[in-house]
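Values below: every heavy atom of this structure, side chains too, minus hydrogens, waters and symmetry copies. Residue numbers start from 1 in every chain, and the chains themselves are labelled A, B, ... in the order their sequence lines are given, proteins ahead of strands.
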Protein chains: 2
Amino acid sequence: MQPDISVVAGLIGDRARSRMLLALMSGKALTATELALDADITAQTASVHLAKLTEAGLLRFSKQGRHKYFRLSHADVAQLLENLLNITAGAIEPDIHTGPADAELRLARVCYDHMAGELGVALFQALKQHGLVTNSPDAPEMTEKGQIFFADVGFKADLRAGKRPVCRNCLDWSERRDHLAGQLGQWILNPKTKESFRFIIF
Amino acid sequence: MQPDISVVAGLIGDRARSRMLLALMSGKALTATELALDADITAQTASVHLAKLTEAGLLRFSKQGRHKYFRLSHADVAQLLENLLNITAGAIEPDIHTGPADAELRLARVCYDHMAGELGVALFQALKQHGLVTNSPDAPEMTEKGQIFFADVGFKADLRAGKRPVCRNCLDWSERRDHLAGQLGQWILNPKTKESFRFIIF
DNA sequence: AGCATGCTTCGTCCAACAACGAAGCATGCA
DNA sequence: TGCATGCTTCGTTGTTGGACGAAGCATGCT
């Protein structure tokens, strides 16, 4: 037997739950009430939704005092959501008149743990243009120059098998062009080194 | 506003519909009744399910006589399903006792339009070992040697922007290791050239 | 023409489940 | 020790939608 897709899909297939999941795509951990507000439902219903999502392994939480902070359990989940976004965004191709709130979202947003939107796409372009990652039709890869550059500013890739790829291209649902995901994408958004670090590549 | 994920997810989130979609992951086009049998439902219910799936853009069909052949509308959809398979397969990690029917499925199967299962993984290994595609931690890429080799046997990549990548790695839900997808993966399973063509790389 | 096959439409029934009010636990703060 | 805040559990209600029988409409075969 194949695994049963329908349970996970069914969980996402609810308006309130999907909104909560998308809210967590920002990468920030949010409390149950914040998520309830975002999904426009009461705290009670949010509670059972969140319980289901965590039990299914899509979310994990950490308690802090009387607050319960939820986040996506894994990058896989974010990728799945991104995948869904792309498919549905592609379906409504003739993009309906987009408001100003949209414009902001399209300019810059965070896609789980890396940068997306116009800015994310531009950054990716710049990295390729400066030869730090390859400009391949498939997935990007760090060039030698890139390895030196990023090692120099403190980036350390985890090359063990089973880990997420260092570079991954991620199709932007708003821009319909790639931006950079993977370990490097995450690190650029949130470098772990203390030393100040600036891109002067634009 | 972000696109509404929940409609597509909700469509997949039904047992019968998900089974039909997975049946179409074989890459073969199937008739409505075949899909109904596979999903263990009557023809009537299958009809409305299939109508919903096509209207949402997940399926497309072609009529041949009194038969209606359905297939996945696009490689994107297959990728989404594969994504879901991986997440749910990962969740039930301690793999429950698998029957003999499973063993067959694990040995060799088709993942939408390319080879998967043990055989798919082995093929991918061989391609890397013989230096036809790169053995990078991220996505594979054709080597020069590979470009010559595959051009020689009639493979022609479509490098236009917006097309699917030439090489893509695809995590196998049964093997938990990568196999080869993308244009090359598709072509290997189903080369368009008439000339006979054999891999002697095992 | 007649019949079989494949798919669809209609009407009805039934189960699943999202939603909320109300009440109940915790935790933190004064 | 109170009180406020955040989250959960319970019971109820209402709606959604999946399922099938029956009938209808095409298409193809003889």
Donor-acceptor under 3.5 Å (A:Arg17 side chain, A:His49 main chain):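 Not a single qualifying donor-acceptor pair exists.
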Distance check needed: [N] [atom2] versus [X] [atom1], whole Å only.
| X | N | atom1 | atom2 | answer |
| --- | --- | --- | --- | --- |
| B:Leu53 | C:dT8 | CG | C1' | 16 Å |
| B:Leu11 | D:dG17 | CG | P | 10 Å |
| B:Lys68 | C:dT5 | NZ | C1' | 16 Å |
| B:Glu34 | C:dG6 | CD | C1' | 12 Å |
| A:Phe70 | D:dG6 | CZ | P | 15 Å |
| B:His67 | C:dT5 | NE2 | C1' | 8 Å |
| A:Phe61 | D:dG6 | CZ | C1' | 14 Å |
| A:Leu59 | D:dC7 | CG | C1' | 16 Å |

Applying a 4.0 Å non-hydrogen cut-off, can you work out what B:Ala32 is touching in the nucleic acid: base, sugar-phosphate, or nothing?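 Here B:Ala32 touches the backbone only, sparing every base.
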With sequence neighbours left out, what residues match B:Thr45 under side-chain hydrogen bond (donor to acceptor under 3.5 Å, both in side chains)?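 B:Thr45: side-chain hydrogen bond (donor to acceptor under 3.5 Å, both in side chains) contacts with B:Thr42.
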Suppose we screen for side-chain hydrogen bond (donor to acceptor under 3.5 Å, both in side chains). Which residues come up paired with A:Ser6, at least two apart in sequence or across chains?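 Expected list: A:Asp4.
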Angle of first-five versus last-five pair axes in the helix from C:dA1-D:dT30 to C:dA30-D:dT1, to 10 degrees: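 Roughly 30° between the end axes, to the nearest 10°.
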Test item: [X] and [Y] side chains (from C-beta on) under 4.5 Å apart, heavy atoms:
| X | Y | value |
| --- | --- | --- |
| A:Leu35 | A:Leu50 | yes |
| A:Val133 | A:Thr143 | no |
| B:Leu53 | B:Leu21 | yes |
| A:Leu84 | B:Asn83 | no |
| B:Asp38 | B:Met20 | no |
| A:Arg19 | A:Asp40 | yes |
| B:Val77 | B:Leu24 | no |

Its contact letters, B for base, S for sugar-phosphate only and - for none at protein heavy atoms under 4.0 Å, make nucleotides 22-30 of chain C read B----BS--
Would you please confirm or rule out a distance under 4.0 Å between OP1 or OP2 of D:dC7 and any side-chain N or O of A:Thr33?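 Yes, such a contact exists.
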Under 3.5 Å, N/O pairs linking protein and nucleotides 15-19 of chain C:
residue : atom : partner : partner atom : Å
C:dA18  : OP1  : A:Arg17 : NH2          : 3.3
C:dA18  : OP2  : A:Lys52 : NZ           : 2.6
C:dA19  : OP2  : A:His49 : NE2          : 2.7

Residues two or more places apart in sequence or in another chain: which of them pass side chain to side chain contact (heavy atoms under 4.5 Å, CB included) with A:Thr31?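 Only A:Thr33, A:Glu34, A:His67, A:Tyr69 meet the side chain to side chain contact (heavy atoms under 4.5 Å, CB included) criterion with A:Thr31.
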